[in-house]
Trainee: 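Handing you a structure now.
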Amino acid sequence: MNAANALCPRSLGNFNFHFPGMSMKNALFHACACALLLAGAAQAQSYLPAEATVRMAVDQSPAVQEAEAVTRAARARADGLRTGSHETVVRASGQRRWTHDGSGQRFTEGQIALERPLRLWGKAAVDAELAEATRATGLLAAQDARHETARQLLALWFSALRAAQARQAAQDNADAAAELARVTERRLRAGDAARLEAELAAAEQARMQAALAAAEAAQTSARAELCARFPDLCPLAGISIDASALPALPSGSEAQLRSRYIEHSHEHLLALSEETLALHQARRTDLERHPDPTIGVFASSERGGAERIAGLSISLPLGSAYRQSQAAAALADADAALSRRLAVARRLGAEFDVLWSQLNGRRAAAAAQVRAATLQRSATDRAMRAYRAGESGLAELLAARRVLADAVLAERMARVDTLESDSRLRLDLHELWDFDD
């Protein structure tokens, strides 16, 4: 039995606590809180699937495979940029010459030439930088796709876990209602209960069975969605997971965590890489205002080979306003990439603030729900003992049980919500499922 099972609501009725200078209620509350934290340290992430299984599921995702293909395309484009688009051109021509001086002479003539454009003005170096930026952007895009897929997996996993916890709570309520119906039936046969009480107990049992059926349907639906999106996790979807432990907060101050959240975000790194790529592209486009010359050599034969000619050729495009407008457009694109990067950083900062406050709020809510469920369970036990002894009626017991059912369900949901917030934050801080290798 672990600390959480020993000290927290399911077993509190079996233990006596005494803390000097502290009331019984506060003692129970502090004992549960301490147990939850200790259990969280001892059973870190026992509510999550194994990392190797998650990696396999993420790798098999179509979105990740698409991103890997895009990365390969980016590497190929980078190689092309480094090599350059200039190619050697071979030109050959033939012709016939004849005279009109009365001799009727005819001659076969021809020419062959080799031409090659030159990358001047530092364009080769800028192309190399542009190639590296293209390669880095493609890699970051793939990493971002893997991270987004892991986010989707995490959300679906906790959806299934939440549904499983709700079904377990409904099962506990149905078992308790069945037990109450049996107790009431025995009292009816012994003459200690009225027929009305037996009917009320049977109706409560039917209501709990209906709630259990609805919870089982919701669990089946959540499991089906998880299996459809990530088939590798399907065998784990029906396994009972311990969701009682609450982990400690991530280490570091809020400001440090906020900075890490932004700086390590794939989305921010991708936006930064796209900004760098746009800057290199703007610089490269600006260099295109200086046209590249084409150098060639040629050899020709005239008058049937009687005359031989060899020479050099050079051609140079005359720049127009088109090149200048393209450079201006590329510079504007770089400015837009800068603005997008700043917008992403601001949005990520706001996203962290929401996640951080949500995590703290959910942890406080979970602790309060633990205390509420503990006290309500104790009150319901007393109501059950009083009913068995004939000291109270069934209506009081049913009311206490309904409040307990709501409290237990709220406690379970609060735990899962807290675990989900913590896991999501750790995932974005790269403390969980970091697949960037």
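Computed over heavy atoms, backbone and side chain alike; hydrogens, waters and symmetry mates excluded.
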Trainee: Would you please say whether a donor-acceptor pair under 3.5 Å links the side chains of R382 and S378?
Mentor: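 Yes - a donor-acceptor pair under 3.5 Å links their side chains.
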Trainee: If you measure from CG on L404 to CG on L398, what distance do you get to the nearest 0.5 Å?
Mentor: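 So the gap between those two atoms works out to 12.5 Å.
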Trainee: CD of Q209 to CG of D175: how many Å apart, nearest 0.5 Å?
Mentor: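 It is 8.0 Å, given to the nearest 0.5 Å.
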Trainee: If we ignore hydrogens and angles and just use 3.5 Å, is the side chain of S159 paired with the main-chain N or O of A155 as donor and acceptor?
Mentor: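 Side chain of S159 to backbone of A155, a donor-acceptor pair under 3.5 Å: no, none is there.
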Trainee: Is a salt bridge present between D381 and R385, judged by a nitrogen-to-oxygen distance below 4.0 Å?
Mentor: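 Between R385 and D381 there is no salt bridge, as every charged N stays at least 4.0 Å from the carboxylate O atoms.
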Trainee: Quick one: does L212's side chain get under 4.5 Å of N173's, heavy atoms only?
Mentor: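 No, their side chains stay 4.5 Å or more apart.
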Trainee: Restricting to non-hydrogen atoms, name the atom on R426 and the atom on P250 that form the minimum distance, rounded to 0.1 Å.
Mentor: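 Residues R426 and P250, closest heavy atoms: NH2-N, 3.5 Å.
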Trainee: Looking at T184 and L180, would you say the former's side chain and the latter's main chain have a donor-acceptor pair under 3.5 Å?
Mentor: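 Side chain of T184 to backbone of L180: a pair is present.
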Trainee: Output the distance between atom OG1 (T374) and atom CD (Q369), rounded to the nearest 0.5 Å.
Mentor: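 These two atoms lie 10.5 Å from each other.
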Trainee: List the steps and the verdict of side-chain contact (heavy atoms from CB on, under 4.5 Å) for F158 and L226.
Mentor: CA-CA 10 Å; F158 272 100; L226 177 65; over 6 Å; no
Trainee: Are the side chain of W157 and the backbone of Y47 linked by a donor-acceptor contact shorter than 3.5 Å?
Mentor: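 Yes: the side chain of W157 pairs with the backbone of Y47.
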Trainee: Answer with yes or no whether the side chains of R229 and Q152 bring together a donor and an acceptor at under 3.5 Å.
Mentor: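 Q152 vs R229: donor-acceptor pair found between side chains.
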Trainee: Between E204 and R207, does any side-chain N to carboxylate O distance fall below 4.0 Å?
Mentor: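 Looking at E204 and R207, the cut-off is met.
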Trainee: Please verify the inter-ring angle class for H147 with H430; under 30° counts as parallel, over 60° as perpendicular, anything in between as tilted.
Mentor: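 The rings of H147 and H430 lie parallel, inter-plane angle below 30°.
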Trainee: For residues D422 and L359, report the shortest heavy-atom separation together with the two atoms involved.
Mentor: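 Result for this residue pair: N-CD1, 3.6 Å.
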Trainee: Taking the side chain as every heavy atom from C-beta outward, state whether S313 and R91 have any atom pair closer than 4.5 Å.
Mentor: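 Counting from C-beta outward, S313 and R91 never come under 4.5 Å.
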Trainee: Is E420 paired with R424 through a side-chain N to carboxylate O contact shorter than 4.0 Å?
Mentor: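 E420 and R424: not salt-bridged.
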Trainee: Just by distance, do the side chain of T83 and the backbone of D79 share a donor-acceptor pair under 3.5 Å?
Mentor: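 Yes, because the side chain of T83 sits within donor-acceptor range (under 3.5 Å) of the backbone of D79.
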Trainee: Would R151 and E351 pass as an ion pair if we require N to O under 4.0 Å?
Mentor: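 Looking at E351 together with R151, the answer is yes, because their closest N to O distance falls below 4.0 Å.
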Trainee: What do you reckon, is CH2 of W121 surrounded by more than 12 foreign heavy atoms closer than 6.0 Å?
Mentor: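 Count not over threshold, so no.
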Trainee: Go through the steps for L432 and S423 under the test side-chain contact (heavy atoms from CB on, under 4.5 Å), then give the verdict.
Mentor: CA-CA 7 Å; L432 175 69; S423 300; 4.1 Å; yes
Trainee: For Q324, I'd like to know if atom CD has over 12 heavy atoms of other residues, nucleotides or ligands within 6.0 Å.
Mentor: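 Counting neighbours around CD of Q324, 12 or fewer heavy atoms of other residues, nucleotides or ligands fall under 6.0 Å, so no.
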Trainee: Check whether any side-chain N or O of S325 sits under 3.5 Å from a backbone N or O of Y322 as a donor-acceptor pair, and report yes or no.
Mentor: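 Checked: pair present.
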Trainee: Taking all atoms of both residues into account, what is the closest heavy-atom pair of Q205 and A177, and its distance?
Mentor: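 Shortest heavy-atom separation between Q205 and A177 comes out as CA-CB, 3.7 Å.
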Trainee: For the backbone of D417 and the side chain of R362, can you confirm whether one donor and one acceptor N or O come within less than 3.5 Å of each other?
Mentor: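 Pair found, side chain donor or acceptor close to backbone of D417.
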Trainee: Would you say F230 and V54 make side-chain contact, with heavy atoms under 4.5 Å?
Mentor: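 The answer is no, as the side chains (C-beta and beyond) never meet within the 4.5 Å cut-off.
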Trainee: Would you give the length of the straight line joining atom NE2 of H268 to atom CG of L272, rounded to the nearest 0.5 angstrom?
Mentor: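 Reported value, rounded in 0.5 Å steps: 6.0 Å.
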Trainee: Could you tell me whether the side chain of E132 and the main chain of E129 form a donor-acceptor pair under 3.5 Å?
Mentor: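 No.
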Trainee: So, are D127 and K123 salt-bridged, with charged N and O less than 4.0 Å apart?
Mentor: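 A salt bridge is absent here (no side-chain N lies under 4.0 Å from a carboxylate O).
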Trainee: R323 and R289: which non-hydrogen atoms are nearest, and at how many Å?
Mentor: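 So the two residues come closest at O-CG, 3.9 Å.
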Trainee: In Å, rounded to the nearest 0.5 Å, how long is the span from OG of S392 to CE of M384?
Mentor: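 CE of M384 is found 10.0 Å from OG of S392.
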Trainee: Using side-chain contact (heavy atoms from CB on, under 4.5 Å), reason through L249 and N360 one step at a time and then give a plain yes or no.
Mentor: CA-CA 9 Å; L249 290 172; N360 284 278; 3.9 Å; yes
Trainee: May I ask you to test the E274-V344 pair for a side-chain heavy-atom distance under 4.5 Å?
Mentor: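 They are not in side-chain contact.
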Trainee: Atom OG1 in T285, atom CG in L331: separation rounded to 0.5 Å?
Mentor: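 Output value for this atom pair is 10.0 Å.
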Trainee: Compare every heavy atom of L429 with every heavy atom of R260, then report the nearest pair and how far apart it is.
Mentor: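 Between these two residues, the closest heavy atoms are NH2-O, 3.8 Å.
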Trainee: Taking CD in Q326 as the centre, count heavy atoms belonging to other residues, nucleotides or ligands within less than 6.0 Å. Is the count above 12?
Mentor: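 Atom CD in Q326 is packed in, count exceeds 12.
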Trainee: Side-chain contact test, heavy atoms from C-beta onward, threshold under 4.5 Å: evaluate it for W433 versus P49 and give yes or no.
Mentor: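 SC-SC contact between W433 and P49 confirmed.
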Trainee: Looking at E254 and R258, does any basic side-chain N land under 4.0 Å from a carboxylate oxygen?
Mentor: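 No, E254 and R258 are not salt-bridged.
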Trainee: If we only count heavy atoms from C-beta on, is the L277 to L130 side-chain gap below 4.5 Å?
Mentor: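 With C-beta onward as the side chain, the pair touches.
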Trainee: When you measure from the side chain of Q376 to the backbone N and O of A400, does any donor-acceptor pair fall under 3.5 Å?
Mentor: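 Yes: the side chain of Q376 pairs with the backbone of A400.
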Trainee: Is there a side-chain contact between M413 and Q165 in this structure, where contact means two heavy atoms from C-beta onward sitting under 4.5 Å apart?
Mentor: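 Heavy-atom side-chain distance check passes, below 4.5 Å.
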Trainee: How far apart are the closest heavy atoms of L140 and L269, and which atoms are they?
Mentor: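 Between these two residues, the closest heavy atoms are CD1-O, 3.4 Å.
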Trainee: Taking only Lys NZ, Arg NE, NH1 and NH2, and the carboxylate oxygens of Asp or Glu, determine whether R146 and E68 approach each other closer than 4.0 Å.
Mentor: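 Judged by the 4.0 Å cut-off on N to carboxylate O distance, R146 and E68 do form a salt bridge.
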Trainee: Under a 3.5 Å distance rule, please check whether R116 uses its side chain to pair with a backbone N or O of H86 as donor and acceptor.
Mentor: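 Yes.
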Trainee: Tell me, do P291 and L316 make a side-chain contact under 4.5 Å, heavy atoms counted?
Mentor: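 A side-chain contact under 4.5 Å exists here.
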Trainee: Under a 3.5 Å threshold, yes or no: a donor from one side chain and an acceptor from the other, between R77 and T134?
Mentor: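 There is no such pair between these side chains.
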Trainee: Measure from the side-chain N and O atoms of S339 to the backbone N and O of D335, and report whether any donor-acceptor pair falls under 3.5 Å.
Mentor: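 Between the backbone of D335 and the side chain of S339 there is a qualifying donor-acceptor contact (under 3.5 Å).
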Trainee: Can you check side-chain contact (heavy atoms from CB on, under 4.5 Å) on I262 and F352, steps first, answer last?
Mentor: CA-CA 8 Å; I262 297 174; F352 170 82; 5.8 Å; no
